[in-house]
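Everything on this sheet refers to the single structure shown next.
Worth saying up front: this structure is predicted, and the values here are computed from it rather than measured. A, B, ... follow the sequence lines: proteins, then strands. Residue 1 opens every chain.
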Protein chains: 2
Amino acid sequence: MNLTRQAEDYLKVIYEIEQGGAPAATTSIAEELNIAAASVSGMLQRLARLGLVKVERYRGARLTAPGRAVALQLLRRHRIIESFLVTKLGYGWDDVHEEAERLEHAASSELIDRMADALGNPTEDPHGAPIPTAAGRVDERRLSSIADMKTGSRARVVRMSDRDPEFLRYLKKRGIVPGANVRVTAREPFEGPITLTVGRVRQAIGAAAAALVYVDDARA
Amino acid sequence: MNLTRQAEDYLKVIYEIEQGGAPAATTSIAEELNIAAASVSGMLQRLARLGLVKVERYRGARLTAPGRAVALQLLRRHRIIESFLVTKLGYGWDDVHEEAERLEHAASSELIDRMADALGNPTEDPHGAPIPTAAGRVDERRLSSIADMKTGSRARVVRMSDRDPEFLRYLKKRGIVPGANVRVTAREPFEGPITLTVGRVRQAIGAAAAALVYVDDARA
DNA sequence: ATAATAAGTTAGTACGTACTAACTTTAATT
DNA sequence: AATTAAAGTTAGTACGTACTAACTTATTAT
């Protein structure tokens, strides 16, 4: 199955959106890829013709098994490349997403496997995201985010969205990195700021940001 | 200047063909890229519109300064990637061309520079080809090949074509690698085999192969 | 110099992937 | 239930990049 870069990107975002539970809506895909909804409708038909997605008209798309396999391979590539860039080439964790985004389509499986070997076959990337195996197995546990934590609860940060370098730098400056222990000391209602204690430091972050930082157990 | 993968490939082969002296003929480009001549005609017009090549109708194309700059960047990328794969990821020198061919279009300049740094800024790739600097300077000396050597002459192998893995394995098995010393002990006329002494071993190779192995000085 | 061959170009087609504009379906509101 | 808003689709267009077929120009051989 030789797919174009674009087709691969579609599959990847469909996978990610589907992790939310529901089928991937046309507009969500369009937003994620920054293209018009009409273009998505067209591409979904092609992907369906290729047997990579199952489209229910007006309802959204779901990956088929083959489509899912492609998406998982891309995820694996992306995360191994990110790890490699950080560990072996001195990239900052905030600055690898874009580079990986391009390389993941160009790298052969052999290259990915060699990189993984060189890294000791890590199971997580620098942002805490699990790396699918070459066979396509991955931990898909649904994590809670800081936004889900009750006031007074503690948790360990395990993962965060890697999309926005700015965001990652913001988090890092505040000590919010995988492994950090946080305690929610106060919450404002109506999507208001959440006050955290990270280490000894107390600080407030917005609800939107909090929703992008995942923790091992929001109820501990 | 944001070019497609294809446009970049055209510029690269035009550069390589032009190294032979003459402008790059439509058919040569077509052959190198494995596409129809008609497609080349079309693309040359687009590249000309972009100011990357100068086309003389029915005569061939030459790179402009900007076009040349793009080609040299690609060459730099290609060769640094090849070096990195061999040195840092355990690839065989015969097996890196294709991988580099894809990655060179996806890698950022930053990545290339970081790889180059990690390698200690090498000036040659594993096949002996000179690596252009980030500023686009490169040694373009025309080298003679084994096919140019007179009977009885000696020379040092400095470089060989990296296109065909089979060919590279063939050469390696015979000790014909960059740095090897060869002596031409006999030549058959009419493009016949050339008998070489490499180290202590004597062997004959075809004229076509000999033309793809470059040496420092055929007349020594 | 003419004819034959090789090289190159143009015209017309196809496919992938995007777009906008217009329309349809679904969901939400009253 | 009817209306409106939101989401999704279709139709028509454009561009990049390939193709084949037909034609033109350049080169070579006689």
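Between A/Ala36 and A/Arg57, the residue anchored nearer the 5' end of DNA chain C, judged by the nucleotide with its closest heavy atom, is A/Ala36. Both A/Ala7 and B/Ala24 lie close to DNA chain C; mapped to their nearest nucleotides by heavy-atom distance, the more 5′-ward contact belongs to B/Ala24.
Salt bridge present: A/Arg114 and A/Glu110 bring a charged side-chain N and a carboxylate O closer than 4.0 Å. Under a 4.0 Å N-O distance rule, the pair B/Glu124/B/Arg159 does not qualify as a salt bridge. Ion pairing between a basic and an acidic side chain is recognised when a charged N comes within 4.0 Å of a carboxylate O; A/Arg142 and A/Asp148 show no such pairing.
Distance, B/Arg49 CZ to D/dT17 C1': 12 Å, rounded to whole Å. Atom CG of A/Asn2 and atom C1' of D/dA18 are 16 Å apart (whole Å). One interatomic measurement links the two molecules: CD of B/Gln6 to C1' of C/dT17, which rounds to 13 Å at whole-angstrom precision. Rounding to whole angstrom units, CD1 of residue A/Ile35 and P of D/dT9 are separated by 13 Å. Atoms CD1 (A/Ile17) and P (D/dA7) sit 13 Å apart, rounded to a whole Å. Following rounding to the nearest Å, A/Asp9 (CG) and C/dT17 (C1') show an atom-to-atom distance of 12 Å. Atom CZ in B/Arg59 sits roughly 9 Å away from atom C1' in D/dT25 (whole-Å rounding). Atoms CE (A/Met43) and P (D/dT9) sit 15 Å apart, rounded to a whole Å.
No hydrogens or angles considered: a donor-acceptor pair under 3.5 Å links the side chains of A/Asp9 and A/His105.
For DNA chain D, no neighbouring residue in residues 64-75 of chain B is found when judged by any heavy atom under 4.0 Å.
Distances shown here put every side-chain N or O of B/Arg5 at or beyond 4.0 Å from the OP1 or OP2 atom of D/dA18. At the phosphate of D/dT9, neither OP1 nor OP2 sits under 4.0 Å from any side-chain N or O atom of A/Gln45. Between C/dC19 and A/Ser39, a contact under 4.0 Å exists linking OP1 or OP2 to a side-chain N or O. Close to C/dA7, at under 4.0 Å from its OP1 or OP2, lies no side-chain N or O of B/Thr26. For the OP1/OP2 pair of D/dA18 and a distance below 4.0 Å, the side-chain nitrogens and oxygens of B/Tyr10 include at least one atom meeting the criterion.
Using a 4.0 Å heavy-atom cutoff across all strands shown, B/Ser41 reaches at least one base atom of the nucleic acid. Base engagement by A/Arg46 is indicated by at least one non-hydrogen atom pair under 4.0 Å involving a base atom. The residue B/Glu56 sits apart from the nucleic acid: no heavy atom pair falls under 4.0 Å. Contacts of B/Ala38 with the nucleic acid, taken as non-hydrogen atoms under 4.0 Å apart, include base atoms.
B/Thr64 places a side-chain N or O within donor-acceptor distance of the main-chain N or O of B/Leu52, the cut-off being under 3.5 Å. The closest donor-acceptor contact from the side chain of B/Arg187 to the backbone of B/Pro193 lies at 3.5 Å or more, if one exists at all. Using modelled atom types, one side-chain atom of A/Glu18 and one backbone atom of A/Leu63 make a donor-acceptor pair closer than 3.5 Å.
A cation-pi arrangement is not found for B/Arg68 relative to B/Tyr15, the charged atom failing to lie both closer than 6.0 Å to the ring centre and inside a 45° cone about the ring normal.
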